[in-house]
Amino acid sequence: MILPQSFYLDDTVTVAKSLLGKVLHIKTGNTERRARIVEVEAYLGVTDPACHTFENRRTNRTQSMYLQGGHSYVYLIYGMYHCLNFVTRTEAHPEAVLIRAVQPLDVESHLKKKDIKTNGPGKLCRHYEITRDHDGLRLWKKSSALYVSDDGFKVSAKQIISCPRIGVDYAGEAAQWPLRFYLKENVFVSRV
DNA sequence: AGTGAGATGGCCT
DNA sequence: GGCCATCTCACTA
């Protein structure tokens, strides 16, 4: 079942945790690939020093974060990698969930750890060729190049690990906030 | 295994 | 000019 837009309008931490186990669909040309979300981070908008919209900062890059929840937000980082986010809440609350790692579902391959190409926000976008072209898409529409569904995969609260976010040391105290969530013992998670 | 540098563009002061 | 929600490669040991 495809996730409705209302799914994304909830509290950002709730959405982040709920996204674990959901299925991301990526359409390129005639093919559609699927991947289970296994690692995410919450970015809490205007009051979060680690968030691009901290203090209501509004640039060309962050336009889509000010859309309603359920849109994609893709940005370029370090001049060469892209990061995929799902916007949450409403226009007045520019918050988002960063998709840090997914588990590919199409190929029945027994991947060795060194061969995993989707365990990190930059690597997963490179693997699925997700770029700024995928910014501002409506994730609740099956016609979008990116959309998200629930295939019935169950995740219990005990399987969700919380810890500080990666790569935000500059954000002071906020760097310690437990806003990174991942599935316990999942091999596709970027790091433990 | 662990550390350090480099690639490279947008946004900041 | 400097920093960044990253990753890879080359080096140490």
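Model, not experiment: these values are computed from the prediction.
- Protein chain A touches strand DNA chain C; the 5'-most and 3'-most nucleotides with an atom under 4.0 angstrom of its non-hydrogen atoms are dC4(C) to dT8(C).
- Considering CG of D135(A) and OG of S72(A), their distance stands at 5.5 Å, rounded to 0.5 Å.
- Counting only Watson-Crick or G-U wobble pairs whose defining distances are both under 3.5 Å, the stems of 3 or more consecutive pairs in DNA chain B are B:1-7 with C:6-12, B:9-12 with C:1-4.
- Less than 4.0 Å separates DNA chain C from no heavy atom of any residue of residues 18-26 of chain A.
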Can you give the donor-acceptor pairs under 3.5 Å from side chains of residues 139-149 of chain A to other protein atoms, not counting sequence neighbours?
{"unit_1": "S144(A)", "atom_1": "OG", "unit_2": "R138(A)", "atom_2": "O", "d": "2.6"}
{"unit_1": "S144(A)", "atom_1": "OG", "unit_2": "K141(A)", "atom_2": "O", "d": "3.4"}
{"unit_1": "Y147(A)", "atom_1": "OH", "unit_2": "H25(A)", "atom_2": "ND1", "d": "3.2"}
{"unit_1": "Y147(A)", "atom_1": "OH", "unit_2": "E32(A)", "atom_2": "OE2", "d": "2.6"}
{"unit_1": "S149(A)", "atom_1": "OG", "unit_2": "H25(A)", "atom_2": "NE2", "d": "2.7"}

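- Every residue two or more places apart in sequence or in another chain that forms a side chain to side chain contact (heavy atoms under 4.5 Å, CB included) with A35(A) is listed here: V102(A), Y128(A).
- Within residues 50-59 of chain A, the residues approached by DNA chain C to less than 4.0 Å at the level of any non-hydrogen atom are A50(A), H52(A), in residue-number order.
- DNA chain B is contacted by L76(A), Y78(A), G79(A), M80(A) of residues 69-97 of chain A, taking any non-hydrogen atom closer than 4.0 Å.
- I166(A) has its side chain within reach of R191(A): a pair of non-hydrogen atoms, C-beta onward, lies under 4.5 Å apart.
- Annotation: proximity of residues 163-192 of chain A to DNA chain C (heavy atom, distance under 4.0 Å) is found for I166(A), G167(A), V168(A), Y170(A), numbered in ascending order.
- Residues that satisfy the side chain to side chain contact (heavy atoms under 4.5 Å, CB included) test with Y170(A), not counting sequence neighbours, are A50(A), V168(A).
- Residues D150(A) and V23(A) form no side-chain contact, since every pair of their non-hydrogen atoms from C-beta on lies 4.5 Å or further apart.
- Ion pairing between a basic and an acidic side chain is recognised when a charged N comes within 4.0 Å of a carboxylate O; D48(A) and R165(A) show such pairing.
- Rounding to the nearest 0.5 Å places CG of L183(A) at 5.0 Å from CG of L20(A).
- Remark: R89(A) fails to qualify as a cation-pi partner of Y8(A) under the 6.0 Å distance and 45° angle criteria applied to the six-membered ring.
- Side-chain contact between T12(A) and V97(A) is present, with at least one heavy-atom pair separated by less than 4.5 Å.
- Here the separation of dT8(C) from dG10(B), taken at their C1' atoms, is 22 Å to the nearest Å.
- Between L67(A) and V87(A) the shortest heavy-atom distance is O-CG1, 3.5 Å.
- Between Q5(A) and Q68(A) the shortest side-chain heavy-atom distance falls below 4.5 Å.
- Here the closest heavy-atom approach between residue L84(A) and residue I130(A) is recorded as CD2-CD1, 4.1 Å.
- Partners of N30(A) under the side chain to side chain contact (heavy atoms under 4.5 Å, CB included) rule, at least two apart in sequence or in another chain, do not exist in this structure.
- Here I77(A) pairs with Y75(A), Y81(A), C83(A) under the side chain to side chain contact (heavy atoms under 4.5 Å, CB included) rule; sequence neighbours left out.
- dA5(B) and dG2(C) have their P atoms separated by 16 Å, with the value rounded to a whole Å.
- Side-chain contact between L137(A) and H134(A) is present, with at least one heavy-atom pair separated by less than 4.5 Å.
- The closest side-chain heavy-atom distance from E95(A) to T88(A) is below 4.5 Å.
- Nucleotides of DNA chain B lying under 4.0 Å from heavy atoms of chain A occupy a range whose first and last members, 5' to 3', are dA7(B) to dC12(B).
- Side-chain contact between F86(A) and Y73(A) is absent, with no heavy-atom pair separated by less than 4.5 Å.
- Between L98(A) and P121(A), the closest side-chain pair of non-hydrogen atoms falls below 4.5 Å.
- Rounding to the nearest 0.5 angstrom, the gap separating the CG atom in N186(A) from the CD1 atom in I37(A) is 12.0 Å.
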